[in-house]
Amino acid sequence: MEKNIRTDHVLLEVENLVKYFPVYGGPLSTLQGYVHAVDDVSFSVRQGETFGLVGESGCGKSTLMQTIMRLIPATSGKVTFDGRDLFSLKKRELRDMRREFQIIYQDPFSSLNPRMTIGEIISEPLLVHGIKNADERKKRVLETMEDVGLQSSFYGRYPHEFSGGQRQRVSIARSLILRPKLILCDEPVSALDVSIQSQILNLLKKLGKEYGLTYIFVSHALNVVRYLSDTICVMYLGKIVETGSTAEIFEQPLHPYTKALVSAIPVPDPTYQRNRILLQGDIASPKDPPNGCRFHTRCPYVGERCRQEEPKLADYGNEHKCACFLNEV
């Protein structure tokens with residue numbers, strides 16, 4: 001039975017989130033400036049929704065996920081999960097709250113302890129959160145292993161004995177074991193072969209229905225996000241430039257950067273002629289972002305206003321928002 005029916009309940013709300021990393025240099029290691037990894041980002045995720053976050057490498061997607069989970073401290077901003085301010089929680093309160101949201105990392109090998117068996121890796125969250133009964137832990141681990149497509153005979157084996165796809169299934173089982181409400185997927189298929197990617201994506205979709213999960217799915221591949229997501233958010237150089245439903249983003253992209261990303265999606269038809277948009281110009285540095293629109297150094301439609309003034313996210317109907325002067329009437 002499918003459980004993850006979308007509701008209007010906002011499970012996660014991110015407000016004006018900022019994360020700067022200081023840069024030191026010189027013989028005295030003096031402060032040289034800041035890397036603007038995440039700069040004034042706001043969005044909300046409804047319960048039962050799969051929220052896709054896309055953008056090229058270095059745009060701040062992974063930093064955003066780690067900041068939301070308080071794995072790294074935020075410079076400023078607010079994150080509310082299920083009505084509670086995560087940044088105001090004390091250490092013990094945060095640990096208890098983390099039962100409700102988990103993360104799946106990109107590399108299924110480096111994220112697993114090579115000295116622990118699969119059974120120990122998956123059961124560790126149960127032990128951390130106070131489930132001391134060994135029989136109960138093993139029962140739940142075996143049930144979860146079955147749900148993610150792992151044989152019970154794998155329980156006592158080590159990560160190096162498995163393929164990349166199997167290791168990622170272990171990571172998924174570990175994130176599911178506490179029965180969370182939200183799972184943050186930080187490019188969970190980018191390190192896998194294409195055939196294995198489809199298996200993992202189908203598994204995530206199935207588990208979302210069975211467990212009633214809400215996902216934030218991070219990827220640089222728009223076709224992957226399209227398959228899984230209800231809503232898509234496009235990031236560029238630490239900023240959100242466009243957000244909307246998956247259908248809106250693909251059928252009517254508004255931002256020039258989104259249009260370029262959509263045009264780059266491979267089509268399995270050699271006779272199909274696509275009008276590919278090739279971006280020119282230099283990619284700006286997050287250490288020294290340009291004035292005005294951050295995309296203006298590569299935008300084919302750049303004007304003088306774009307170089308001087310930063311566009312704000314404006315709503316163009318159906319919750320489709322874009323930060324670009326080109327769409328103003």
Side-chain angles (χ1 to χ4, degrees), residues 1-17 41-54 61-62 64-71 74 77-89 93-105 125 129 140 144 147-148 171-188 200-219 224-235 240 242-249 313 315 317-321:
M1 186 175 76
E2 298 187 2
K3 299 178 183 178
N4 67 331
I5 300 173
R6 287 185 61 189
T7 70
D8 291 329
H9 173 62
V10 176
L11 186 63
L12 180 76
E13 186 166 11
V14 178
E15 301 175 69
N16 308 114
L17 190 62
V41 167
S42 299
F43 63 88
S44 59
V45 181
R46 297 185 181 94
Q47 187 171 359
E49 174 180 38
T50 298
F51 185 90
L53 187 63
V54 299
K61 306 184 300 296
S62 295
L64 175 60
M65 293 300 97
Q66 293 178 55
T67 307
I68 288 173
M69 293 195 70
R70 278 185 60 179
L71 298 176
K78 182 179 180 181
V79 175
T80 306
F81 178 78
D82 209 12
R84 297 190 66 182
D85 182 359
L86 289 183
F87 291 172
S88 68
L89 297 179
E93 293 174 323
L94 179 62
R95 189 181 73 173
D96 293 341
M97 178 62 78
R98 281 196 173 130
R99 294 177 64 108
E100 305 294 338
F101 55 90
Q102 295 290 305
I103 189 167
I104 302 170
Y105 291 100
H129 287 277
R140 287 185 59 172
T144 307
D147 287 344
V148 302
S171 298
I172 293 170
R174 179 178 57 184
S175 70
L176 284 174
I177 196 69
L178 291 171
R179 305 298 187 264
K181 295 179 180 177
L182 172 69
I183 293 183
L184 295 88
C185 306
D186 189 4
E187 304 207 42
I200 297 300
L201 291 173
N202 287 331
L203 175 64
L204 289 172
K205 205 166 191 176
K206 178 179 80 75
L207 293 172
K209 295 174 181 178
E210 292 177 356
Y211 282 79
L213 296 171
T214 303
Y215 289 122
I216 297 181
F217 192 91
V218 176
S219 179
V224 171
V225 175
R226 181 182 194 176
Y227 176 72
L228 207 62
S229 302
D230 302 302
T231 302
I232 292 178
C233 176
V234 183
M235 281 188 73
I240 291 177
E242 186 168 0
T243 183
S245 69
T246 300
E248 289 275 351
I249 293 294
L313 276 174
D315 196 333
N318 297 323
E319 298 185 345
H320 191 176
K321 299 179 181 180

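More than 12 heavy atoms of other residues, nucleotides or ligands sit less than 6.0 Å from atom CG of Asp315. No more than 12 heavy atoms of other residues, nucleotides or ligands lie within 6.0 Å of CZ in Arg226, so this atom counts as exposed by the packing criterion.
Within the 4.5 Å cutoff, side-chain heavy atoms of Thr80 are placed close to those of Glu15. Inter-residue side-chain proximity for Leu11 and Arg46 is flagged as unmet; no heavy-atom pair is nearer than 4.5 Å. Side-chain contact between Val234 and Ile240 is absent, with no heavy-atom pair separated by less than 4.5 Å. Here the side chains of Tyr215 and Leu184 are not in contact, with every heavy-atom distance at 4.5 Å or above.
Within the model, atoms CG of Leu213 and CG of Leu182 stand 9.0 Å from one another, a figure rounded to the nearest 0.5 Å.
Remark: the backbone N or O of Ile177 is paired with a side-chain donor or acceptor of Arg140 at under 3.5 angstrom. Although no hydrogens or angles enter the test, the distance criterion places a donor-acceptor pair under 3.5 Å between the side chain of Arg98 and the main chain of Met69. At distances below 3.5 Å, not a single donor-acceptor pair connects side-chain atoms of Glu210 with backbone N or O atoms of Leu207. Thr214 places no side-chain N or O within 3.5 Å of a backbone atom of Gln47 that could act as its donor or acceptor partner. Proximity of a side-chain donor or acceptor of Thr246 to a complementary backbone N or O of Asp230 within less than 3.5 Å is detected.
Considering only residues two or more places apart in sequence or on other chains, Tyr227 meets the side-chain hydrogen bond (donor to acceptor under 3.5 Å, both in side chains) condition with Asn202. Residues that satisfy the salt bridge (charged side-chain N to carboxylate O under 4.0 Å, His left out) test with Asp96, not counting sequence neighbours, are Arg92. Asn16 is linked by a side chain to side chain contact (heavy atoms under 4.5 Å, CB included) to Asp40, Ser42, counting only residues two or more places apart in sequence or in another chain. The side chain to side chain contact (heavy atoms under 4.5 Å, CB included) check on Ser245 picks up Ala247, Glu248, with sequence neighbours excluded. Scanning for side-chain hydrogen bond (donor to acceptor under 3.5 Å, both in side chains) contacts around Ser171 gives Gln168, with sequence neighbours left out. For Phe43, the ring pair (Phe, Tyr, Trp, His ring centres under 6.0 Å) test picks out Phe51, with sequence neighbours left out. Applying the side chain to side chain contact (heavy atoms under 4.5 Å, CB included) criterion to Leu89, with sequence neighbours excluded, gives Arg70, Arg84, Leu86, Glu93, Leu94, Met97. Applying the side-chain hydrogen bond (donor to acceptor under 3.5 Å, both in side chains) test to Glu242 and every residue at least two apart in sequence or in another chain returns Thr258, His320. By the side chain to side chain contact (heavy atoms under 4.5 Å, CB included) test, Ser44 is found to be paired with Val10, Glu13, residues two or more places apart in sequence or in another chain being considered. The side-chain hydrogen bond (donor to acceptor under 3.5 Å, both in side chains) test applied to Lys78 returns no partner, not counting sequence neighbours.
Here the closest heavy-atom approach between residue Ile104 and residue Pro188 is recorded as CG2-CB, 4.0 Å. Asp85 and Val79 make their closest contact through OD1-O, 3.4 Å (heavy atoms, listed as atom of the first residue, atom of the second, distance). Taking both residues in full, the closest heavy atoms of Phe87 and Ala74 are given as CE1-CB, 3.6 Å, listed atom of the first, atom of the second, then distance. Of all heavy-atom pairs spanning Pro180 and Phe101, the tightest one is CB-N, 4.0 Å. Of all heavy-atom pairs between Ser175 and Ile183, the closest is OG-CD1, 3.7 Å. Across all their heavy atoms, Val224 and Ser219 have their closest contact at CB-OG, 4.3 Å.
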Run the side-chain contact (heavy atoms from CB on, under 4.5 Å) test on Leu12 and Ile68 for me, step by step, so that the C-alpha distance in whole Å, both residues' side-chain angles and the decisive distance to 0.1 Å come before the verdict. CA-CA 10 Å; Leu12 180 76; Ile68 288 173; 4.2 Å; yes
Can Asp147 and Tyr211 be said to form a side-chain contact (heavy atoms from CB on, under 4.5 Å), step by step? CA-CA 10 Å; Asp147 287 344; Tyr211 282 79; 2.4 Å; yes
Stepwise side-chain contact (heavy atoms from CB on, under 4.5 Å) test for Arg95 and His129: CA-CA 8 Å; Arg95 189 181 73 173; His129 287 277; 4.2 Å; yes
Show your reasoning for whether side-chain contact (heavy atoms from CB on, under 4.5 Å) applies to Val218 and Leu53. CA-CA 5 Å; Val218 176; Leu53 187 63; 4.1 Å; yes
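Annotation: salt bridge (charged side-chain N to carboxylate O under 4.0 Å, His left out) contacts involving residues 175-188, sequence neighbours excluded, comprise Lys61-Glu187, Asp82-Lys181.
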